[in-house]
Structures are given as structure tokens and as C-alpha cells.
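Computed from a prediction, not measured in an experiment: that's the story for all the values here. First the proteins, then the strands, lettered A, B, ... as listed; each starts at 1.
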There are 2 protein chains.
Amino acid sequence: MTRGSGRDGSPGAPRSVDVARLAGVSQKTVSRVFNDEPYVSPEVRRRVLEAAEQLGYRRNNAARALASGRTRSIGVVTLGTALYGPASLLMGVERVVRDTGYALRVVNTMEGDPAGVTGAVGSLLDQGVDGIVISEPIEEEGSEGDLSVHVGVPVLVLGAPPPFTASTVLTGAGGADLMARAAVEHLLDLGHVTVHHLAGPQRWYAAKDRLEGWRATLAAHGRDEPPVIEGDWSAASGYAAGRELAADPEVTAVFAANDDMAIGLIRALTEAGRRVPEEVSVVGFDDIPVAAYVTPPLTTVRQPFDTVAQEGLKRLVHAIENPQAEALPASDPPVDLVVRASAQPPPPPRTPPGRRRRTAARSRESTSSSPLPKGGSSTHH
Amino acid sequence: MTRGSGRDGSPGAPRSVDVARLAGVSQKTVSRVFNDEPYVSPEVRRRVLEAAEQLGYRRNNAARALASGRTRSIGVVTLGTALYGPASLLMGVERVVRDTGYALRVVNTMEGDPAGVTGAVGSLLDQGVDGIVISEPIEEEGSEGDLSVHVGVPVLVLGAPPPFTASTVLTGAGGADLMARAAVEHLLDLGHVTVHHLAGPQRWYAAKDRLEGWRATLAAHGRDEPPVIEGDWSAASGYAAGRELAADPEVTAVFAANDDMAIGLIRALTEAGRRVPEEVSVVGFDDIPVAAYVTPPLTTVRQPFDTVAQEGLKRLVHAIENPQAEALPASDPPVDLVVRASAQPPPPPRTPPGRRRRTAARSRESTSSSPLPKGGSSTHH
DNA sequence: GTGAAAGCGCTAACAG
DNA sequence: CTGTTAGCGCTTTCAC
């Protein structure tokens, strides 16, 4: 090789020896300064820093990684969607990773991707990472145990059971069932006899957890479990579900597995003449940015993405840096039910065939209930 | 170093010499096989692959990068938000980067981050990347030229003028002004006398471009330019703007710089008794997933994130791999105005002080106009 | 407190 | 078609 074309492309990028020469010290000393190692006199440190500055020196990370066996980077596997939940989690993870001094490498898995999570993890391993975060994976057939032997770095799985065994596997972001419970109980507390569920695609663990939470809550309260409708997270699928649900007069309350579907659902119900929340109550999940501003303002469950990312990463980094130590314990994230206007008490018992309108509750809900942008969240459970 | 603790953490990870020994070839031959270099007999290739498989061999990327001077990775600087636009762009970029065989490193800049884009780029350079994508940066004070000398890798700036000079700077995702023009002209074509603008935060180039487009269009049509209201992209800020705008009977059409603000705006107008779209028309920007399902379904401009990412990355990779060659030309992305129900012709001229209701247009718009989830997009321009 | 020597695991030339 | 010889720019170990 012709000396040059360093990692920043410019041939002849300064190396630590250059800095050393200019500062009149040994190369090792430069290394010491840049690693904040002790035993460097302030004077020497100053000279080195100055020389480095003058030369525009940057440490070569590849060399560092090669020599030390650590890349100081963490890889994250995400679904390739701009869906609010996954995107928020990713942003949360990035922030924390950077704060911990690691670099972030990202690989997406697309739904239907043949290689899937397994492939993504492999690609991260190829790139070289010290730890891996798998964010809200979806279920895959086969390939479960494939990676078990090879994944030699700690893995943090957010929002799902570990899809395989690795040297160290941590899980985080549990408690989706508890959040679902809060939503369902809110509806039950309002007086609804039972609650329907508009589920997410069941290949997603996140969707499964919410469904389980709904089911368990209904069972705990001795209520009938109506048939589940499965959507695909999109408002369009919520809309389709709404058309079905609107035809069934028994439906007075629906818990949707995310806000997008809830919004599509509400629209379909409204178009079908079933007013929300007077006739049918709806609770969503996520608290997307517009949730407070749609009509009616959406009661929903807010997910603590930042907390989850922070807690999970803390444990992952701990596992990376203390390979022998016991894993730090996970804690359940808080449940945050945001009460707005889309869920209200059910209408009085129907008088069978002909429907009748109450006259009392006639106030225009959009005028009376202004949105609760932030404050109006009552922490439940 | 004690031999071991390879980049996958497991001490004693196999190296290429191990594979070579097992396959009975030289280490270089293993390298050849893994780099898909020509001149390896099929028989040898097979043996090498088999040995590698048996040992669970993975190339050490750090060593590769060190020896070759290329990291085969691209860094992207994004805003740390889960906002639909930036998140979609990031996902688009990830997909394309992976397809081109590069790895992706992500660094966020938070608003108000003192280091800002400059710091993020520096961090990417420290990590070692072959190219950089800066996605929708926001304006920063000072520090403009700081990086100019040091950035030795090609840089692609999406959605803004280059914030500094580097060896190679490409820009992409232009045309926001044209998209804004489509929105404004749609409103003008419907018969509105002028169009108000609910702008995004002007520190964002994306917001500025849209404002410029709006302004130019109004000028081109010889219309008055009403005062601009500036929001912060949030539905809450749109709501606040809506309360102001509702008080002004002159307002019959508003172009909002994103859908979230448009939705907040619509809510405020509705609450104030100004019906949308009968009395006030609103056009948004982005086409977020729920746009078709809010009330009324939102007419908006869809951004071609995938196209932009694809085109930009193609040019960036070209610049990386052909350092001497001319940069590939950029092309303006297509303009895609999605017409739904929130923009309609203006109400007939007002009869000054006392307002009067038309009786004709009284049909419940939500019942009559069902959303156009996909199909209803008319490509404009 | 500081330095010298020895690799980390791979790719780059060049020979055969 | 295949092997040999040198490093890439650091960190590590150990000596001073």
C-alpha cells in the first residue's frame, strides 16, 4: 500500500507518530493522551494536544479496533418502517448509545425479508459490534437456533422474547400487557360490558403482547371475549375493521393496538353513523403526535420509549463491559394512560329494534373538550 | 494482547490463517475467496468455504478497514426526532445503503445541540466512514467553515444547501419549493383569492423552502401575501395557529408546512366554528399515514423519500468509488399532490358583518367523501 | 512518568 | 491460478 488514503479519504492523513514527532514525544505517549490514561504530565499532554490540533489529527478507529479487539460500537436491528413506535425507539436508542460513548450501526429487517433478524444480526457481527440491540422483532419461521453458537456479544431484545440464545441475552420493554390492561380497564371502569380488540399483526410480538393483555384483563373481570379483528397497524386496516364493527350494535368499546388503526377505525365508525365516543368508545396505543388533535381527541396509552431505551442500553453496556458480572435486572416500565375524549361511558341500554337518541348528551364534543396536549395524562396502575 | 477476544467477543475467534490451514491453502487464498476475487479454482474455493463454515469464520472488519483504508460504511446525520419526514428519509437511506453493500452508522443531532451538525460529522469521521449523508440539517450559527478542511470524504446533503465545503459535496432532495407550489396552486385553482401559510420553524431548511415556494407562487399569480405564522411542526403549534387564524374572516385557505400542524390547525378551526373545508380549506405536507383518515381527509403533498434516498445515495456511492470522476447530476424529485377532501372552493363572498350560512353545501362531508387511501393521488406538475 | 518492541488480522503489491 | 512479503495505525506488554 502506498501510505495514505487514510480513513478520511485524504491521502496522508496524520498518524499518531506524526503527532508524536511534532510534540517531541513517543508515539505511545500520544496514545496515552488520547485514551485519557493516567501518568502523563500536564505539560506533555498539552504539547501533544496542541500538535494534534495543528495537524488535524484523528485517531484511526479501525486500527484501534484491530489492536484492542473492541469496536466501541453497538448495532441495532430495527424494522424498516417509519411507524411511530419503532422510529421513536430507534431515536431513543441512538441518543443513549451516543451518551455511553459507543457508535451506532443500524440494520433494518424488512417484513418478508428472507434473512430476517438472523441475517441482520449476522451482518452486524460481520461489521463488528460489541453488543446488539434487537428492537421489536417479528416472528420468523425456522432459523431460530442458527445463531445460538456464533453470537458472542451480548444481545438486548426490546419488546419480545429472545429469538435465540447468545452468550448474554437481556430483554427489555416488557409490560406491554400491563399497558393494554390499563386501556381495557379504563373502558371497563367507564361501564362498558366488554371491550373489543383491534389487534396488530400477530407476527409482531408487540401486537401479541397487547392482545394477551386485553385477553387477560377481560378474563380477570369475568367478561366475555369478543372475536378479535386483526389489522396491519395502518389506518387503512383500522378503517376496514371499523366498517365491520359498525355493523354490530353490541360494540360499545374498542381497544386498538395502535393509534393509526384507532384513527382509521373512528373514521369508519363515524361514516357509518356510529358516533364516537357517544355510541362507541375507542382507546388507542402509542400516543402519536396528532392523537390529541384528531376528532375526538384520542384516549391512548403512551409508551415510555426513552425510558425503555435508556434502561435497556444501560444493562447492555454493563454486560459488554463486565463480561463476567451478573446481568443487571430489568424493571417494568411505567404505564401511562392518557385520558382524552374518545372513551366515555357507554350509551344507556338499547331499546331493541328502533334506535333512540338521548337528548341530554347532545353537546358538541369537539367544542366542549379541547385537547389535552400534555398535562392531561393520568398515570394509571 | 492475549490472542483472542476477537471482534465477536468470543476469545479464539477463528482467523483467516486458521481457515487457510484447515483448507490446506495459503492465507491469501482465503482472502481471495472472501473478496470474490477472480483466479481461484472452484475446487479451492469450495474447500475454503467449507473450512470457513466449519470454523464459523467471519472476516475481521477492523483489520480489513485498516489494511485497505476503506471502511465500507456510510454515516448519516439525522435530527433526533421520530417526525414522519426525517424518520422516513432515514429508513429510505438505510435500505439503499444496505443494498449498495455499505454499512450504516447513525448519529443524531438534537435541536439546540451545541456541537450540532459539525460535531456529528466529526464523530462520524472519528468512527471512520467512506461517505456522509446529512439529512435535513437545521441552520446553525457560526462554525460554518470549521469542517471545510478536514472532511475528506464525499458528503451528500439532503434537503438543504451544503453547510460547509468538503472535497465533494452533493445535494439532493431539492424541489420542496416546487411541491409547495403545487399545493398553493391547487388552492388558487379552486378559486381562493389568496392562501395563508402556516410555516415550519425557519431554522429548518425544509421549512424555509416550503415558505419560499409558497411566496413565489403567490407572487407569480399576483396575489397578496398574507402574514406568515410560524409553527414548530407539532400539532399543538398548528392548533395554536388555528386559533389565531379562526378569528380572521379573510382566511379561506391555508397551506401548512406539514400534516401534523395541518391536523392541529383543522381542529382549532373546527372548534372555533369555522368548518373545514366548507369555510376554510387546508392543505398539508408529507402525507403521513393517518392523513387519509382524519376528518376531513387531508389533501397534502407526498414526499418521495425513497426516490430521494435512492438517487442521492447512488450519487454518493459513485463519488466514493470514483474519486476523480465528475459528480453524477441530481434530478428534481417528482411532485405528488394527493387530493382529498380538506381543500375545496371557497365559500361565496361574505356578506359583511353578520355571517350567513349557505344551505346547499350542508351535506355531512364525512359521510359523503370516503378517504382515498392510495389511488387518489393526482400527479401534478 | 515515559519509551521500545511486538503484534492485532487483514489487503496490497509482486513473484512465481 | 497461487503464494510471499510487507505493512495499515494503533494498543499492549514490559522495560526504564
Exercise for review: For the residue pair B:P86 and B:T78, establish whether any side-chain heavy-atom pair is separated by less than 4.5 Å.
Suggested key: no

Review point. B:V106 versus B:L104: any side-chain heavy-atom pair under 4.5 Å?
Key: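 Side chain of B:V106 against side chain of B:L104, heavy atoms only: contact under 4.5 Å found.
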
Counting only side-chain nitrogens and oxygens, does [X] get under 4.0 Å of the OP1 or OP2 atom of [N]?
| X | N | result |
| --- | --- | --- |
| A:S16 | D:dC10 | yes |
| B:Y57 | C:dC10 | yes |
| A:S26 | C:dG3 | yes |
| B:N61 | C:dC10 | no |
| A:S68 | D:dC10 | no |

In whole Å, I'd like the distance from the [atom1] atom of [X] to the [atom2] atom of [N].
| X | N | atom1 | atom2 | value |
| --- | --- | --- | --- | --- |
| B:R64 | C:dC8 | CZ | P | 19 Å |
| A:L55 | D:dG9 | CG | C1' | 15 Å |
| B:Y39 | C:dT11 | OH | C1' | 18 Å |
| B:R21 | D:dG3 | CZ | C1' | 16 Å |
| B:N35 | C:dC10 | CG | C1' | 9 Å |
| A:N60 | C:dT11 | CG | P | 15 Å |
| A:E37 | C:dG3 | CD | C1' | 13 Å |
| A:L66 | D:dG7 | CG | C1' | 12 Å |

Check your understanding: Among D:dC1, C:dC10, D:dT11, which is the nearest nucleotide to the side chain of B:R15?
Key -> C:dC10

Review point. Which of these nucleotides, D:dG9, D:dG3, C:dC10, is closest to any side-chain atom of B:A63?
Key: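 Taking heavy atoms from C-beta onward, the closest nucleotide is C:dC10.
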
Point to revise | Members of residues 27-34 of chain B that approach DNA chain D, where some heavy atom sits under 4.0 Å away | key: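 Per residue number, the list reads B:K28, B:T29, B:R32.
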
**Study point:** Those residues that, when tested against A:E50, pass side-chain hydrogen bond (donor to acceptor under 3.5 Å, both in side chains) (two or more places apart)
**Key:**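 side-chain hydrogen bond (donor to acceptor under 3.5 Å, both in side chains) list for A:E50, sorted by chain: A:R46.
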
Study note, to complete from the structure: With sequence neighbours left out, the residues meeting side-chain hydrogen bond (donor to acceptor under 3.5 Å, both in side chains) with B:Q54 are none

Check your understanding: Got a sec, which residues hit salt bridge (charged side-chain N to carboxylate O under 4.0 Å, His left out) with A:D99, two or more places apart in sequence or on another chain?
Key -> none

Exercise for review: Would you indicate what B:V44 reaches in the nucleic acid, counting non-hydrogen atoms under 4.0 angstrom: base, sugar-phosphate, or nothing?
Suggested key: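 Contact class for B:V44: sugar-phosphate only.
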
Practice item. Name all residues meeting the side-chain contact (heavy atoms from CB on, under 4.5 Å) criterion together with A:S331; count only those two or more places apart in sequence or in a different chain, and write none if there are none. Key: A:E311

Atom pairs and distances, side-chain donor-acceptor, residues 29-36 of chain A, under 3.5 Å, sequence neighbours left out:
unit_1: A:T29; atom_1: OG1; unit_2: A:S26; atom_2: OG; d: 3.3
unit_1: A:N35; atom_1: OD1; unit_2: A:R59; atom_2: NH1; d: 2.8
unit_1: A:N35; atom_1: OD1; unit_2: A:R64; atom_2: NH1; d: 2.9
unit_1: A:N35; atom_1: ND2; unit_2: A:S31; atom_2: O; d: 3.2

